[in-house]
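Note that the structure is a prediction, hence the values are computed from the model and not measured.
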Amino acid sequence: MSDIAIRVENLTKKFFLGERVGIKTFREALQDLVTAPFRVWRKNGQGDGQDKVDTEREIWALKGVSFEVKHGEVLGIIGPNGAGKSTLLKILSRITEPTGGYAEIRGRVGSLLEVGTGFHPELTGRENVYLNGAILGMSKAEIRRKFDDIVSFAGVEKFIDTPVKRYSSGMQVRLAFAVAAHLDPEILIIDEVLAVGDAEFQKRCLGKMNEVARSGRTVLFVSHNMAAVEALCSKAMYVQGGRQLLVGKPHLVIHQYLNAASVPLLGPLRTGNVWTTKTPNSLIKKVKILDAQGGHSTNVPLGGTLSLECAVAGTTGRPVDALLLTVVNQHGVQVMSCSTKAQFPVRIDGERPFVLRCDIRNLRLVPGEYIVNVSAKLRNQILESIPNCLRFRVYDRDLMGTHRPNYAPGDMVVPDVAWQIKYSE
C-alpha cells in the first residue's frame, strides 16, 4: 500500500471577474442557453462563432500546483491573502472543481474551511451540534457518544438548549470548531481557524490540533500564525500568486515567506536591510542586518540569531575605540544594548578602517518590530550617532514546545528557563 495520502499534479483553477458562483435555477440555465450565441457575437464584434478568451477578466487562483503529502504528515500552507490557499483546500475537499490537473486523496476526509457553516440560527446549540455533525459526516451514534466532550470543549454548557441566534459570534465559533475538532477522519483539512475566538479558545484549538497531529492523522493546515505552523507541522509550503514557491522544513519556508512579505515595518527602511552614509567624512560608513546563514534579512525568529555588521572609517584625529548598538521597541523603550566596551575583550584599533560584526544569539525579544541605533565612541564620549538606523522584525516560534504562547502580554523578553518538578511520595 502506498504511503502517499494526497497527491496533487499540475492543479490549476481559473475564475472570471463577475462570474456567478453557485447553482443556477432552471430558468437561468434556459436563459443562458438562448442568449449564448448573442454573447459570443458581442464579445467578438462579429458572428464568427469563435468565443474569444476575455483575458482581462481572468483570475488564476492556482497555476500548476504539484505536491505530495504522506500518511501521518502535517503540511502547513502559508502565503499572503489571495495566494490561492483556500481555493486549494476547497478543491481537495471536493467543494470546487479544478480547471486543470488532478488531486488524488486516499482516506476519509474531514474539512473545516469556514467555521459555522451549516449552523441554523433558529435551532438550539444541541440541535446544531447534531445538524453540523451530520453535515461533516458523523453518524448520529458518533455525535451522541461525543456530545458531552464537544459541549465541554466549546464551554457553552449553560446555553446548549438556547437558539444559536442568541449566541455571541465567539460562542458560535467555539461550538462549530468543537464539532469539527471531534471528527475522526484519516485526513483533516483546516483553513485558518486560529484567526477567530479569544486567546483562551485559541490555546485550546492549538492543543486539540496538536493532539490530532500526534495521533498519526494527515493534516493540511492553512494559517497566518507562523508559530503554530512551525510547532504543529512536519513540513510547510509557501504559496503566492497561485503557485507553490517552496516546500520544505517549516522554519526555512517561514523564513523565506517573511523575507518576501510586503508587510511594512514601523516605517520604511532607509535602504532595506542596509544603511549607508551619504556624508564623506562620516565615521560610520555602513550598517547591515544579516541572518544566521549570512544572507540579507530583516526577519528574525524568536530564539534565532540577529547579526549586525558595521563598517567604520579609520582616522587618526578621533579614532573610534568602541561601538554601541541599542535596540528600541515600537513604543520607544530601549530593550537591549550591545557594547564592545562591555562585551568585546579585544581592543579596537580605530586608526584603521574596520568591519565589526555582532551576533546576538538566542534572541529573546518578544515578537514585534524593533529599531537599531548605532553609536561610535572614544573614551566613553559619543563621536557619532545614527538613530533609527535599521529596523527588524522578530517573528513568533514555540520555543518551549507547549503549543501556546511562551510569553504574556506586556512582556519585553521571553526568558530562557527550565522548569523542574518533584512530587512528594
Side-chain angles (χ1 to χ4, degrees), residues 74-81 83 85 190-210 213 219 221-240 246 248-266 273 289 291-293 295 297-307 327-331 333 335-336 360-372 391-419:
V74 181
L75 174 66
I77 304 175
I78 62 176
N81 292 329
K85 306 184 297 296
I190 306 171
D191 189 3
E192 193 54 276
V193 297
L194 298 178
V196 293
D198 55 26
E200 182 59 35
F201 173 67
Q202 291 184 18
K203 289 180 185 179
R204 210 177 302 174
C205 290
L206 277 172
K208 187 64 180 179
M209 290 175 60
N210 180 53
V219 181
F221 175 44
V222 165
S223 180
H224 291 288
N225 186 329
M226 297 300 108
V229 171
E230 185 168 9
L232 296 174
C233 301
S234 52
K235 69 178 182 179
M237 181 169 70
Y238 170 24
V239 179
Q240 185 164 356
L246 182 65
K249 295 290 184 183
H251 70 281
L252 296 176
V253 177
I254 290 169
H255 184 77
Q256 182 74 16
Y257 164 55
L258 291 176
N259 281 344
S262 59
V263 179
L265 295 171
L266 293 169
N273 69 313
I289 299 177
D291 60 19
Q293 291 75 37
S297 175
T298 54
N299 295 286
V300 185
L302 176 62
T305 297
L306 171 67
S307 297
V327 178
V328 179
N329 67 14
Q330 53 193 325
H331 303 296
V333 178
V335 294
M336 179 187 297
I360 305 174
R361 300 183 297 271
N362 192 20
L363 187 68
R364 291 292 181 141
L365 297 177
V366 298
E369 297 170 358
Y370 296 89
I371 299 169
V372 177
R391 305 184 184 186
F392 66 93
R393 180 187 291 110
V394 178
Y395 63 88
D396 205 358
R397 295 174 71 192
D398 182 16
L399 293 178
M400 311 299 184
T402 62
H403 306 292
R404 297 186 297 274
N406 298 155
Y407 52 91
D411 286 351
M412 292 187 181
V413 297
V414 180
D416 187 359
V417 299
W419 292 90

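Within the 4.5 Å cutoff, no side-chain heavy atoms of Val366 are placed close to those of Val413. Contact check for Ile190 versus Val219: side-chain heavy atoms found under the 4.5 Å cut-off. Contact check for Val327 versus Ile371: no side-chain heavy atoms found under the 4.5 Å cut-off. A 4.5 Å side-chain heavy-atom check between Val253 and Ile78 finds at least one atom pair inside the cut-off. Annotation: side chain of Leu75 is not in contact with side chain of Phe221 (no heavy-atom distance under 4.5 Å). In this structure, Arg364 and Pro415 have side chains that are not in contact, with every pair of non-hydrogen atoms separated by 4.5 Å or more. Side-chain contact between Tyr395 and Pro367: absent, with no pair of heavy atoms (C-beta onward) separated by less than 4.5 Å. Val333 is listed as a side-chain neighbour of Met412, based on a closest heavy-atom distance under 4.5 Å.
Atom CD of residue Glu369 and atom OG1 of residue Thr298 lie 9.5 Å apart, to the nearest 0.5 angstrom.
In terms of heavy atoms, Thr305 sits closest to Asn362 at OG1-N, 4.5 Å. Contact between Asn81 and His224 at its shortest, heavy atoms only, is OD1-NE2, 3.2 Å. Closest approach of Tyr238 and Pro80 over heavy atoms only: CE1-CD, 4.3 Å. Closest approach of Cys233 to Pro250, counting heavy atoms only: O-CG, 3.4 Å. When every heavy atom of Arg391 is checked against every heavy atom of Ile289, the shortest pair comes out as O-CD1, 3.7 Å.
Of the N and O atoms on the side chains of Asp396 and Tyr407, at least one donor lies less than 3.5 Å from an acceptor on the other residue.
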> Checking side chain to side chain contact (heavy atoms under 4.5 Å, CB included) for the pair Val239/Ile77: CA distance, chi angles, key distance, verdict?
Replying inline: CA-CA 7 Å; Val239 179; Ile77 304 175; 3.8 Å; yes

> Which is it for Tyr370 and Val335 under the side chain to side chain contact (heavy atoms under 4.5 Å, CB included) test, yes or no, and what are the steps along the way?
Replying inline: CA-CA 9 Å; Tyr370 296 89; Val335 294; 4.0 Å; yes

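Looking only at distances, no side-chain donor or acceptor of Lys85 sits under 3.5 Å from a matching main-chain atom of Ser223.
Of the candidates Leu365, Asp398, Val414, Leu302 forms a side-chain contact (heavy atoms from CB on, under 4.5 Å) with just one, namely Val414.
Legend: residues meeting side-chain hydrogen bond (donor to acceptor under 3.5 Å, both in side chains) with Arg397, ordered by chain and number and at least two apart, are Glu230.
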